[in-house]
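Written below as structure tokens is the structure these notes are about.
Just follow the structure's listing: the first ligand is 1, and inside any ligand the first atom is 1. Only this structure's heavy atoms are used, side chains among them; waters, hydrogens and symmetry mates stay out.
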Amino acid sequence: MRIGRRALLEGMSLAAFARTALGDEAASVLRYGSSPQNFATPTSFFERLVTPTEAFFVRSHFGAPALDRKRTLAVSGMVKSPLTLGVDELKAQFKEVTVTAVLQCAGNGRALHKPRVPGIQWVHGAMGQATFTGVRLKDVLDKAGVQPDAAHVRFAGADGPPKPTVPAFVRSIPLARALDPSTLIAWGMNGEALTLAHGAPLRLVVPSWAGDHWVKWLTSIKVQKEEADGFYMKTAYRMPTEKVEAGAAVPPEKMTPASTFPVKSIIGAPALGAKTKVGPQKIAGVAFSGDAPIKQVEVSIDGGATWTKAKLEGDPGAGRWQVFRADVDVKQAGEVKALARATDLKGNAQPKDAAWNPSGYFWNGWHEVTWTVE
Ligand SMILES: Nc1nc2c(c(=O)[nH]1)N[C@H]1C(S)=C(S)[C@@H](COP(=O)(O)O)O[C@H]1N2
Ligand SMILES: [Mo]
């Protein structure tokens with residue numbers, strides 16, 4: 001497959017951005033592990049409502065396919081009328097919708113689970129919030145006419161595995177989730193056409209659910225009776241059905257697909273290792289839950305003995321982050337450690353220690369940042 005010059009430029013935009021716009025921060029942006037296609041968003045971006053596309057994390061199992069903005073998507077399987085649609089047809093035939101949502105990899109925070117879990121050692125940067133523009137998957141499925149005994153929708157993208165023995169990235173979601181009005185087929189991100197790294201021309205958007213459901217470079221949507229097969233459904237992206245001992249082996253029948261991400265808050269400022277002056281300090285970050293809107297975020301600088309309630313900015317919503325800001329006073333020079341914890345409107349509370357699981361998913365322990373007050 002030949003990669004055109006434009007595709008290359010788009011694919012390169014993160015690295016180019018890192019060198020130019022971010023200056024000193026470039027060191028922390030964004031390359032992860034040994035794979036050139038995985039990039040993390042620097043923690044310093046986590047006090048903004050929207051993560052700029054140029055700094056938005058990227059996770060691709062095999063790297064991007066060639067850019068083809070005319071690529072079409074086939075809707076098939078248990079439908080009355082199969083459809084073939086490109087961006088132009090979607091724009092012409094369906095209502096345009098924009099959602100603001102957190103996109104977070106299930107493995108975000110894996111590096112913080114103890115004992116260590118193999119896989120990309122993401123710390124906090126495998127997440128971001130963006131506006132996504134497209135059409136409701138429901139509208140497309142309604143037009144195709146879903147047959148009565150269908151129960152799952154299977155998605156595949158144009159990124160092939162590097163060799164035939166490696167399983168392709170294929171996912172399915174239950175029909176009910178596909179018909180949820182927040183589930184989109186998107187062509188836009190942050191007001192612009194999707195970049196190649198983020199799935200151009202079309203990707204799935206599944207607010208509140210982990211990133212592995214958000215299939216990029218979509219080529220096929222198939223309505224079917226059963227959950228999709230294959231490694232990325234039956235082995236990867238599964239969580240224990242009940243709490244397990246840290247380090248325990250969990251039998252496959254006690255694992256279920258990881259879907260809704262739990263309540264979490266991350267401090268974006270001050271940065272780890274920053275230097276500030278004695279007196280008032282501003283602590284800011286982001287908080288979200290896949291399950292419900294955020295109720296409150298609290299910050300502590302005395303190891304959790306007392307907590308200060310933060311102010312929230314932005315619109316509340318499940319699967320959508322708000323920025324929190326708290327003012328605290330530090331009277332003495334020295335090292336300061338801030339903790340943050342969030343609660344959502346269903347009463348889910350961010351735990352001090354995240355629940356360990358064999359793949360290291362959904363770390364959401366209290367975030368802790370240490371800096372120096374002089
Ligand atoms: N076709 C395809 N879609 C994919 C992937 C992939 O490897 N191939 N990676 C998934 C995973 S695991 C995540 S976390 C998100 C990351 O989306 P982003 O790269 O736009 O941040 O894309 C998902 N969609
Ligand atoms: Mo992911």
- Message: Angle between ring planes, W214 versus F132, binned at 30° and 60°: parallel, tilted or perpendicular?
- Response: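 The rings of W214 and F132 stand perpendicular, inter-plane angle above 60°.
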
- Item | Spacing of L204 atom CG and W217 atom CH2 [to the nearest 0.5 Å] |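 L204 CG to W217 CH2: 13.5 Å, rounded to 0.5 Å.
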
- Would you confirm whether the ring centroid of Y361 sits within less than 6.0 angstrom of the ring centroid of Y237? yes

- Query: Quick one: is the NZ or CZ of R110 closer than 6.0 Å to the six-membered ring centre of W363, and within 45° of its axis?
  - Reply: no

- Query: Is it the case that R177 places NZ or CZ above or below the six-membered ring of W209, under 6.0 angstrom from the centre and within 45 degrees of the axis?
  - Reply: yes

- Is there a side-chain contact between P358 and M239, using heavy atoms and a 4.5 Å cut-off? no

Does ligand 1 have any N/O pairs with the protein under 3.5 Å, and how far apart?
unit_1	atom_1	unit_2	atom_2	d
ligand 1	1 (N)	D159	OD1	2.9
ligand 1	1 (N)	D159	OD2	3.3
ligand 1	1 (N)	K216	O	3.1
ligand 1	3 (N)	K216	N	2.9
ligand 1	7 (O)	H61	N	2.8
ligand 1	7 (O)	H61	ND1	2.8
ligand 1	8 (N)	D159	OD2	2.6
ligand 1	9 (N)	R59	O	3.2
ligand 1	17 (O)	R203	NH2	3.1
ligand 1	19 (O)	R59	N	3.0
ligand 1	19 (O)	K216	NZ	2.5
ligand 1	20 (O)	H198	ND1	2.7
ligand 1	20 (O)	R203	NH1	2.7
ligand 1	21 (O)	F57	O	2.7
ligand 1	22 (O)	R203	NH2	3.4
ligand 1	24 (N)	W214	O	3.1

